[in-house]
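Below: one structure, written as structure tokens.
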Amino acid sequence: MVSKYWQDTYCVQKVAKTPVVGSSSVEAFADGNWSSFPLVGFPEAFWEWNRARRGEYISIFREILSKGSMDSRKLDLAGPHNAMVATCGSPRDDSRFALNNAVKGMGFLPKAERLDDIIHTLQSNMDASTARRLDILQEFYDNAEEIYAADRLGSLELYSEPLHESQTFINQMQNPACAVVWLDVPTFKIKSIVRLLDPQDPNLTDYERSVTQYINLIHSFFHGKFPKDFITSLYFNVEIYDSSPGQSGGKGMRII
């Protein structure tokens, strides 16, 4: 039985609105009311950590290319790509619990004015060598603050469709407030409003359509082509915390 979240073959999230380009806030239905949440940008420490760790990943894959193998001790799933997303909405049929946590591949989103150029670069190099594609990704990260928006992150909802819904999907369709954390040092927590966009939705704005295209492209650019485009998740930053451990760590305190 298809749930209430779908119209024909595409989903429509009704509890959050994509901010218009240039807006400094996001509107969402949370805690029983529609509210406007001011957006906040990444602190410099977040940029530095994210850029450096992604550069390490690229170096590991270069090593694999050059040697045909790698030291397995370097294979680390911690870091900025693998974000843990906590949500709460209502239980799925196979559980008593609405509370959920899931690991999601997550990355930066280009600024609106850079989207077309970045999409063109990805499309033009989709069949390039792995070495060339790694060079392009490294160039993106080297110029992260220039290329990417400072107040949002992007991900994909890979496993939800009309006859099967993940718990994350169910929760985010009802309650767009979520917390995103990373296993690393330093580490951060971002409390976000998430906006789900289905690429099959004919009512997407030009910006929403470009963003869904970009996130699916960057996913395929690294992992290889997929037979379909997936639902995309835009995480808009509302509060940022430093959760780093140790004497110099933030001890979970809000920094923005």
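Position 1 is the first residue of the sequence; numbering continues from there.
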Quick one: CG on Asp8 to CG on Asp198, what's the gap to the nearest 0.5 Å? 11.0 Å
Provide the closest heavy-atom pair for Val21 versus Ala112 in the form atom of the first, atom of the second, distance. CG1-CB, 3.7 Å
When you compare the side chain of Glu208 with that of Arg195, does any pair of heavy atoms fall below 4.5 Å? yes
Kindly compute the distance separating OG1 (Thr18) from CG (Leu197), expressed to the nearest 0.5 Å. 4.5 Å
Classify the angle between the aromatic ring planes of Trp47 and Phe42 as parallel (below 30°), tilted (30 to 60°) or perpendicular (above 60°). perpendicular
Compute whether any side-chain donor of one residue and acceptor of the other, for Asp142 and Gln138, lie under 3.5 angstrom apart. yes
Is Ile255 reachable from Val185 through a run of I, L, V, M, F, W or Y residues, each pair having side-chain heavy atoms under 4.5 Å apart? no
Consider only side-chain heavy atoms of I, L, V, M, F, W and Y, link residues closer than 4.5 Å, and tell whether Ile64 and Leu134 are in one cluster. yes
Straight-line distance of Cys11 SG to Glu161 CD, nearest 0.5 Å: 11.5 Å
For the side chain of Thr187 and the backbone of Trp182, is there at least one donor-acceptor N/O pair under 3.5 Å apart? yes
Does this structure show an ion pair linking Asp117 with Lys111, if we count only N-O contacts that are shorter than 4.0 Å? no
Check whether any side-chain N or O of Asn50 sits under 3.5 Å from a backbone N or O of Phe46 as a donor-acceptor pair, and report yes or no. no
Flag side-chain contact, heavy atom, 4.5 Å: Lys104 against Val180: no
Would the distance check show the side chain of Thr212 and the main-chain N or O of Arg209 forming a donor-acceptor pair, the cut-off being under 3.5 Å? yes
Can you tell whether the side chains of Glu239 and Lys189 come within less than 4.0 Å, N to carboxylate O? no
Determine the minimum heavy-atom distance between Ala86 and Cys178, stating which atoms define it. O-CB, 3.1 Å
Side chain proximity check, Tyr207 to Val20, heavy atoms < 4.5 angstrom: no
Is the number of heavy atoms from other residues, nucleotides or ligands within 6.0 Å of NE2 (His120) greater than 12? no
Say whether Ser95 and Gln167, considering side chains only, have a donor N or O and an acceptor N or O under 3.5 Å apart. no
Asp94 CG: over 12 foreign heavy atoms closer than 6.0 Å: yes
Looking at Asn171 and Ala98, would you say the former's side chain and the latter's main chain have a donor-acceptor pair under 3.5 Å? yes
Main chain of Ala128, side chain of Arg133: is a donor-acceptor contact present, judged purely on distance under 3.5 Å? yes
Compute the ring centroids of Phe140 and Phe221, then answer whether they are less than 6.0 Å apart. no
Which atom of Ser36 lies closest to which atom of Pro38, heavy atoms considered: O-CD, 3.6 Å
Between Glu157 and Thr168, does a side chain to side chain donor-acceptor pair (under 3.5 Å) hold up when you go through it step by step? CA-CA 8 Å; Glu157 175 52 57; Thr168 298; 5.3 Å; no
Can you see which heavy atom on Tyr148 is nearest to which on Pro110, and at what distance? CD2-N, 3.7 Å
Pairwise distance CG(Asn237) to CG(Leu153) - rounded to 0.5 angstrom: 5.5 Å
Kindly indicate, with the supporting measurements, whether the criterion ring pair (Phe, Tyr, Trp, His ring centres under 6.0 Å) is fulfilled by Tyr141 and Tyr57. CA-CA 12 Å; Tyr141 299 139; Tyr57 296 156; 9.2 Å; no
So do the side chains of Gln200 and Lys228 get within less than 4.5 Å of each other, counting heavy atoms only? no
Residues Arg132 and Asp127 bridged, charged N to O under 4.0 Å: no
Check step by step if side-chain contact (heavy atoms from CB on, under 4.5 Å) holds for Glu146 and Arg114. CA-CA 9 Å; Glu146 176 189 344; Arg114 298 299 303 269; 3.4 Å; yes
Could you tell me whether a side-chain N or O of Asp184 sits under 3.5 Å from a main-chain N or O of Ala78, the two making a donor and an acceptor? no
Consider only side-chain heavy atoms of I, L, V, M, F, W and Y, link residues closer than 4.5 Å, and tell whether Ile240 and Met253 are in one cluster. no
How far does CZ of Arg152 sit from OG of Ser192, to the nearest 0.5 angstrom? 11.5 Å
Any sub-3.5 Å donor-acceptor pair from Ser155's side-chain atoms to Gly105's backbone N or O? yes
Step by step, would you call Ile231 with Phe169 a side-chain contact (heavy atoms from CB on, under 4.5 Å)? CA-CA 10 Å; Ile231 298 166; Phe169 173 85; 4.1 Å; yes
Check against ring pair (Phe, Tyr, Trp, His ring centres under 6.0 Å), Phe226 and His219: CA-CA 9 Å; Phe226 290 82; His219 183 239; 4.5 Å; yes
Contact between Trp34 and Lys17 at the side-chain level, heavy atoms closer than 4.5 Å - yes or no? yes
Please assess Asp242 against Ser244 for the test side chain to side chain donor-acceptor pair (under 3.5 Å), listing each intermediate value before the final yes or no. CA-CA 6 Å; Asp242 183 344; Ser244 305; 2.8 Å; yes
Apply side-chain contact (heavy atoms from CB on, under 4.5 Å) to Gln172 and Tyr235, showing your working. CA-CA 11 Å; Gln172 292 181 338; Tyr235 290 85; 3.1 Å; yes
Would a 4.5 Å heavy-atom cut-off, applied to side chains only, mark Ser25 and Phe37 as touching? no
So how far is it from Phe236 CZ to Leu39 CG, rounded to the nearest 0.5 Å? 7.0 Å
With hydrophobic residues grouped by side-chain heavy-atom distances under 4.5 Å, do Trp49 and Ile58 end up in a single group? yes
Heavy atoms, side chains only, cut-off 4.5 Å: are Asn175 and Val15 in contact? no
Which atoms form the tightest heavy-atom contact between Pro80 and Arg54, and what is the distance? O-NH2, 3.5 Å
Transitive ILVMFWY side-chain link Leu65 to Phe61, under 4.5 Å: yes
Working for side-chain contact (heavy atoms from CB on, under 4.5 Å), residues Ile218 and Leu137: CA-CA 9 Å; Ile218 197 71; Leu137 292 174; 3.8 Å; yes
For atom CD of Glu56, is the number of surrounding heavy atoms from other residues, nucleotides or ligands below 6.0 Å larger than 12? yes
For a quick test of reading the model, state the closest non-hydrogen atom pair linking Tyr241 to Gly252 and the distance between them. CD2-O, 3.3 Å
Does Tyr5 reach the side chain of Ser160, with side-chain heavy atoms less than 4.5 Å apart? no
Checking the side chain of Ser220 only, and the main-chain atoms of Leu217 only, is there a donor and an acceptor separated by less than 3.5 Å? no
